[in-house]
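Here the structure is a predicted model, which means the values were calculated and not measured.
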Amino acid sequence: MPAVTPMRMRVQIATLLALPLALAPTMAQAGSKTDDGASLGDAQGGTKGQNITVRTKVRTTVNGASSTAKTGSLSSADSNWTPPACWYEPAFSPKEIEATVKTWRGMDGIAFLDGIGDIIGEMLDQRYKEGHPYKNYNLEKQGEGMFWAAAVNPNRKDEPEAMSCDKPPFWVDEGEPPNEPLAVSPQVLAEYAYDELPVPDTEIEIAPTGKSTVNLPTWIWLDKAKFKKLSVTASLPGTGLSATTTAEPVSLHIEPGTADAQTYPASGECAINEDGSIGAPYAKGKADQTPPCGVSYLRSSGSDGPYPLRATVTWKISWTSTNGEGGDLPDGTFGTTQDVTVQEIQSVNR
């Protein structure tokens, strides 16, 4: 290792403090192998703030997806609940940890990083080689377990909760449940699948299609082809863990965008019909009828611009898993807003 001058030492220390102590890009890449040909799997080191993380190996598949090209993500109807921002999952074999340390030491050949690789390597070795708490990277246990590491939900990587999984990789024997509340489980997979549900865009049909008229009903409906049950299965390869989360549309909520309006029904909650549709399409001759789902505006939109009509579909969420666990998750909602211009019919008295 080159001689370290006081100035270089200060630069190295400053650089080290700026670098999270983490298993950053390593040999633990998809398809990589160690010198003796052992597969390193597809774990990939990365950092998030001061956390040691890996890119999750959880895979998802969609079943019963809507035919619509526009989709969105659900928001939980329970403001106190969100899908997990991070969890721990099996990520590194003993040989991967050993390869990671060697990769860090190899950083010494990079400009401005002379000596940093050895410093980080020594710190990693204290944990994984020198017996605090692991000895010789647990190489004698190769094939008998894995080091579990923090994985961040890619949909929530920028949220503060993504920093909650701040433990460095820890050893778990094969077949033994990890003593960690945030360890990946069927429920964690189900909650992650919640985030992956591609619900269709809430693009309502409305009549009249041009301008609505004060005190005359505006009909609202949704086609049954767009709103039907769908599910996402999340699984962790090599573990047998799998969970399927299912979303089923149950109602459409109408918010007219002004207090000067009357909704149909009065609650503004339009139920799903037996065929999966919502409301009923407008047809000629129904102008004076009360729609099963709709709104009447009591004032024109005027110079302030159109009213922002908000239509939100509520989805009932449930889950099942390969080990028999299952249940309900908080309802999900997804909505869109569209402008409605309301005119007032003028009459001339002679």
Here the gap from Trp219 atom CH2 to Ser296 atom OG, rounded to the nearest 0.5 Å, amounts to 11.0 Å

message = Walk me through whether Ser321 and Asn323 qualify under side-chain hydrogen bond (donor to acceptor under 3.5 Å, both in side chains).
response = CA-CA 6 Å; Ser321 68; Asn323 69 353; 2.6 Å; yes

| Looking just at side-chain N and O atoms, do Arg310 and Thr337 make a donor-acceptor pair shorter than 3.5 Å? | yes

Is it the case that Thr245 and Tyr192 place a side-chain donor and acceptor less than 3.5 Å from each other? no

We want to know whether Glu269 and Ser251 form a side-chain donor-acceptor pair, criterion being a heavy-atom distance below 3.5 angstrom. yes

query: Is Glu98 salt-bridged to Lys95, going by a charged N under 4.0 Å from an acidic O?
result: no

Taking it one step at a time, do Tyr134 and Arg127 satisfy side-chain contact (heavy atoms from CB on, under 4.5 Å)? CA-CA 6 Å; Tyr134 306 107; Arg127 176 172 176 81; 3.9 Å; yes

message: Counting C-beta onward and ignoring hydrogens, is there a side-chain heavy-atom pair between Ile254 and Ile220 closer than 4.5 Å?
response: yes

Scanning both residues in full, the closest heavy-atom pair of Tyr264 with Pro291 reads CB-O, 3.4 Å

dist Ser212:OG -> Leu309:CG (nearest 0.5 Å) comes out at 8.5 Å

Rounding to 0.5 Å, atoms CG (Asn215) and OG1 (Thr213) come to a distance of 9.5 Å

When Thr314, Asp201, Val313 are each screened for side-chain contact (heavy atoms from CB on, under 4.5 Å) with Phe334, the one that passes is Asp201

* Can you check whether Leu182's main-chain N or O pairs, donor with acceptor, with Glu180's side chain at less than 3.5 Å? -> yes

Centroid separation under 6.0 Å, is that true for the rings of Tyr282 and Trp221? no

Problem set entry | Short side-chain donor-acceptor distance under 3.5 Å, Thr320 and Thr244 | no

Sorted by chain and number, sequence neighbours left out, ring pair (Phe, Tyr, Trp, His ring centres under 6.0 Å) with Trp171 holds for Phe147

Lys228 and Glu248 ion-paired at < 4.0 Å: no

What I want to check is whether the side chains of Glu203 and Thr336 have a donor and an acceptor closer together than 3.5 Å.
no

Contacts of Trp319 meeting ring pair (Phe, Tyr, Trp, His ring centres under 6.0 Å) (sequence neighbours excluded), chain-then-number -> none

Practice item. Say whether Gln126 and Glu122, considering side chains only, have a donor N or O and an acceptor N or O under 3.5 Å apart. Key: no

- Task: Please check if the side chain of Asp78 supplies one atom and the backbone of Asp331 the other of a donor-acceptor pair under 3.5 Å.
- Result: no

key: Worked check of side-chain hydrogen bond (donor to acceptor under 3.5 Å, both in side chains) between Asp125 and Tyr137   = CA-CA 8 Å; Asp125 272 346; Tyr137 315 108; 2.8 Å; yes

Taking Tyr88 for its side chain and Lys167 for its backbone only, find out whether a donor-acceptor pair lies under 3.5 Å. yes

Using modelled atom types and a 3.5 Å cut-off, is there a donor and acceptor pairing between side-chain atoms of Thr263 and backbone atoms of Ala266?
yes

Between the CG atom in Asn153 and the CG atom in Asp158, the distance rounded to the nearest 0.5 Å is 11.0 Å

Between the CD atom in Gln187 and the CG atom in Leu241, the distance rounded to the nearest 0.5 Å is 13.0 Å

### Query
So, the side chain of Arg156 versus the backbone of Pro154: is there a donor-acceptor pair under 3.5 Å, distance only?
no

Heavy-atom nearest pair, Tyr307 first then Pro256, reads CB-O, 3.7 Å

Apply side-chain hydrogen bond (donor to acceptor under 3.5 Å, both in side chains) to Thr56 and Glu89, showing your working. CA-CA 8 Å; Thr56 183; Glu89 65 181 63; 2.7 Å; yes

### side-chain contact (heavy atoms from CB on, under 4.5 Å) between Asn179 and Val172, intermediate numbers included
CA-CA 9 Å; Asn179 184 24; Val172 177; over 6 Å; no

| message | Can you confirm whether more than 12 heavy atoms, excluding those of Lys286, are under 6.0 Å from its NZ atom? | response | yes

Do Asp275 and Ser277 have side-chain N/O donor and acceptor atoms under 3.5 Å apart?
yes

Taken to the nearest 0.5 Å, the spacing of Leu124 CG from Ile119 CD1 works out to 12.0 Å

Exercise. Regarding Glu196 and Asn155, is there a side-chain donor-to-acceptor distance under 3.5 Å anywhere?
Worked result: yes

Self-check item: Glu274 CD: over 12 foreign heavy atoms closer than 6.0 Å
Solution: no

Tightest non-hydrogen contact, residues Thr100 and Phe92, listed as OG1-CE2, 4.5 Å

- Query: Has the side chain of Ser185 got a donor or acceptor atom that lies under 3.5 Å from a matching backbone atom of Val188?
  - Reply: yes

Point to revise | Cluster overlap Val342 with Leu298, hydrophobic side-chain contacts below 4.5 Å | key: no

